[in-house]
There are 2 protein chains.
Amino acid sequence: MPANAVRPMERKTGIALWRQVADRIRQGIGSGEFDGDGRLPPETALAERFGINRHTVRSAIAALVQEGVLRPEQGRGTFIQRRRRFTYPISARTRFSEGLRDQARDRRGHLLAHARETASPRVAEALGIAEDDPVIRLETLSEADGRPVSRATSWFQAERFSGIADAFASSGSITVALRDHGVADYLRKSTVVSARHAESADLADLKLAPGAIVLVAVALNVDPEGRPVQFSETRFAADRVELSVSG
Amino acid sequence: MPANAVRPMERKTGIALWRQVADRIRQGIGSGEFDGDGRLPPETALAERFGINRHTVRSAIAALVQEGVLRPEQGRGTFIQRRRRFTYPISARTRFSEGLRDQARDRRGHLLAHARETASPRVAEALGIAEDDPVIRLETLSEADGRPVSRATSWFQAERFSGIADAFASSGSITVALRDHGVADYLRKSTVVSARHAESADLADLKLAPGAIVLVAVALNVDPEGRPVQFSETRFAADRVELSVSG
DNA sequence: TCTACTTGTCTATATCAATAGACGAATTTT
DNA sequence: AAAATTCGTCTATTGATATAGACAAGTAGA
């Protein structure tokens with residue numbers, strides 16, 4: 001009997017029951033709980049397991065169908081469409097495409113927007129430049145096997161990396177874009193990980209259901225001489241990705 | 001004007017508006033948004049900022065008062081009770097107490113429960129032992145300045161660490177408990193980080209509001225010879241802690 | 001074919017969530 | 001003392017959430 005069976009649902013919490021159930025089912029799928037026949041238990045069984053009404057289970061399933069996680073077939077059952085999570089490695093040599101090489105065939109980055117602006121205090125401190133110094137900000141989306149995985153905002157010192165937006169747009173790779181600007185190699189100096197509910201803009205870009213959770217990684221990359229080259233905040237869809245830190 | 005001002009709330013998502021607002025306010029407090037006078041803007045101003053009714057704002061505030069985050073005073077305003085997040089460092093030498101030394105005065109671990117059981121496939125693989133070999137499981141809670149920070153489940157090989165539960169119970173420290181069992185030093189070999197909604201048991205232990213997010217760190221510690229000594233899953237309250245990975 | 005099982009749809013009801021407006025109570029400013 | 005500000009409480013209404021029961025529609029196995 002899975003752990004789901006006993007744990008009762010929380011009520012009157014501001015989180016609708018159907019959403020709690022949807023989250024649990026998605027979680028279960030992500031951890032391979034229904035890998036046996038690739039099919040969800042019948043709605044009546046789920047209702048009993050969670051101690052709720054069948055209609056509420058149906059609302060949860062409807063949400064997951066909308067997300068593309070489940071596919072119901074009348075008379076046959078409800079089948080699982082997508083399965084396990086990607087594991088994204090974080091190390092001194094963190095690179096997006098390399099990290100998912102064994103897990104996804106297609107891995108690409110898209111440039112959503114870019115701007116030249118002045119550094120905020122936070123960005124200035126991270127990049128080791130003066131406040132209000134010019135920086136270039138990139139808004140990027142990373143996909144694996146056609147599925148959005150992460151949404152990042154990156155800052156670069158404007159003078160040193162003047163053409164970084166074009167370089168990224170054409171290559172889809174930060175590594176390549178930095179190489180074009182004379183950075184043959186770079187290292188991950190620090191990564192701070194937190195989690196929160198996704199904001200509405202990220203919901204749209206990452207094709208997430210409202211209320212979804214994102215893992216937030218705030219990172220600094222430096223060149224071999226230790227000079228900061230890239231400061232970034234990356235939001236990962238928490239139900240599609242986990243982060244792996246190797247020591 | 002803070003970023004909160006423009007972003008509209010998501011509706012009809014299964015997450016009540018008052019809860020979304022509560023999450024945003026808690027988030028804002030965690031990132032020092034109201035550090036100026038340590039006071040929340042008036043309810044009417046918040047209602048206008050979020051584009052919602054004042055009563056809904058009041059529901060959100062009531063939830064945060066319940067959590068101990070806010071303290072309202074009639075006629076004066078609503079004051080912030082607790083502020084910033086702890087930053088918990090993850091590195092080859094990750095230790096709970098050391099990591100928070102500069103951030104909290106009191107740091108202690110509590111033993112909630114312990115059991116001798118057989119290793120699940122997952123635990124066996126991590127500890128490098130046979131399936132169904134005996135292991136000792138510890139359920140622990142870590143606090144900083146009297147506030148619960150993390151809730152961990154740890155597994156140890158039973159023969160080598162037979163008295164680990166007592167050793168931890170009396171010392172409140174894994175480092176000390178391992179030293180008692182001949183492990184003078186240990187290293188963090190791997191850490192996998194993910195995020196999800198807290199389960200009800202963790203809600204109670206961590207004193208979290210239902211629907212709260214936890215950062216989940218699954219880690220393996222090894223002795224200097226590389227032999228696994230501890231496999232653990234730690235749930236951090238995402239609104240009180242962030243994880244820092246240094247490279 | 002018949003039966004059991006599973007998803008899909010309908011009606012009905014009770015509670016929670018959100019909006020709206022008004023006014024009281026405590027505090028601070030003028 | 002009076003006015004302005006701010007939190008606290010009340011009533012009322014609307015829509016979303018959850019429960020309950022019944023039956024239709026499609027699938028699979030006896």
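Please read all numbers here as calculations on a predicted model, not as lab measurements. Every chain is numbered from 1 and lettered A, B, ... according to where its sequence line falls, protein lines coming before strand lines.
Looking only at side-chain heavy atoms (C-beta outward), B/V135 and B/E117 come within less than 4.5 Å of each other. Between A/V216 and A/R196, some side-chain heavy-atom pair lies under the 4.5 Å cut-off.
Among the nucleotides D/dA18, C/dT7, C/dA17, the one closest to the side chain of A/W18 is D/dA18. Here C/dT7 is the nucleotide among C/dG24, C/dT7, D/dA18 with the atom lying nearest to any side-chain atom of A/P42.
Counting to the nearest Å, the P atom of D/dT17 and the CD1 atom of A/I15 are 12 Å from each other. Distance, A/F79 CZ to D/dT27 P: 11 Å, rounded to whole Å. Going from atom CD of A/E48 over to atom P of C/dC5 covers 14 Å, rounded to whole Å. Look at CG on B/L17: it is 11 Å from P on C/dA17, rounded to the nearest Å. Atom CD of A/E43 is separated from atom C1' of D/dT19 by 15 Å (rounded to the nearest Å). Protein atom CG of B/L70 is 11 Å distant from nucleotide atom P of D/dG8, rounded to whole Å. As rounded to whole Å, 8 Å separates atom P of C/dT28 from atom CD of B/E73. To the nearest angstrom, C1' of C/dG8 lies 16 Å from CG of A/L46.
A/T78 comes within 4.0 angstrom of the backbone, heavy atoms only, and of no base.
Distances shorter than 4.0 Å separate some side-chain N or O of A/T56 from OP1 or OP2 on D/dT19. Between B/R76 and C/dT28, a side-chain N or O to OP1/OP2 separation shorter than 4.0 Å is present. OP1 or OP2 of D/dG8 sits under 4.0 Å from a side-chain N or O of B/R58. Dashed line: the shortest gap from a side-chain N or O of A/N53 to OP1 or OP2 of D/dA20 is under 4.0 Å.
Side-chain atoms of A/E139 and A/T153 form a donor-acceptor pair, as typed in the model, at a separation below 3.5 Å. The closest side-chain donor-acceptor pair between A/Q20 and B/H197, if any, does not fall under 3.5 angstrom.
In this structure, A/H55 and A/G75 both approach DNA chain C, and ranking their closest nucleotides by distance from the 5' end singles out A/G75.
Atoms CD1 and CG, on A/I29 and A/D35 in that order, are 9.5 Å from each other to the nearest 0.5 Å.
Remark: the A/R54 side chain and the D/dG21 base include no donor-acceptor N/O pair separated by less than 3.5 Å.
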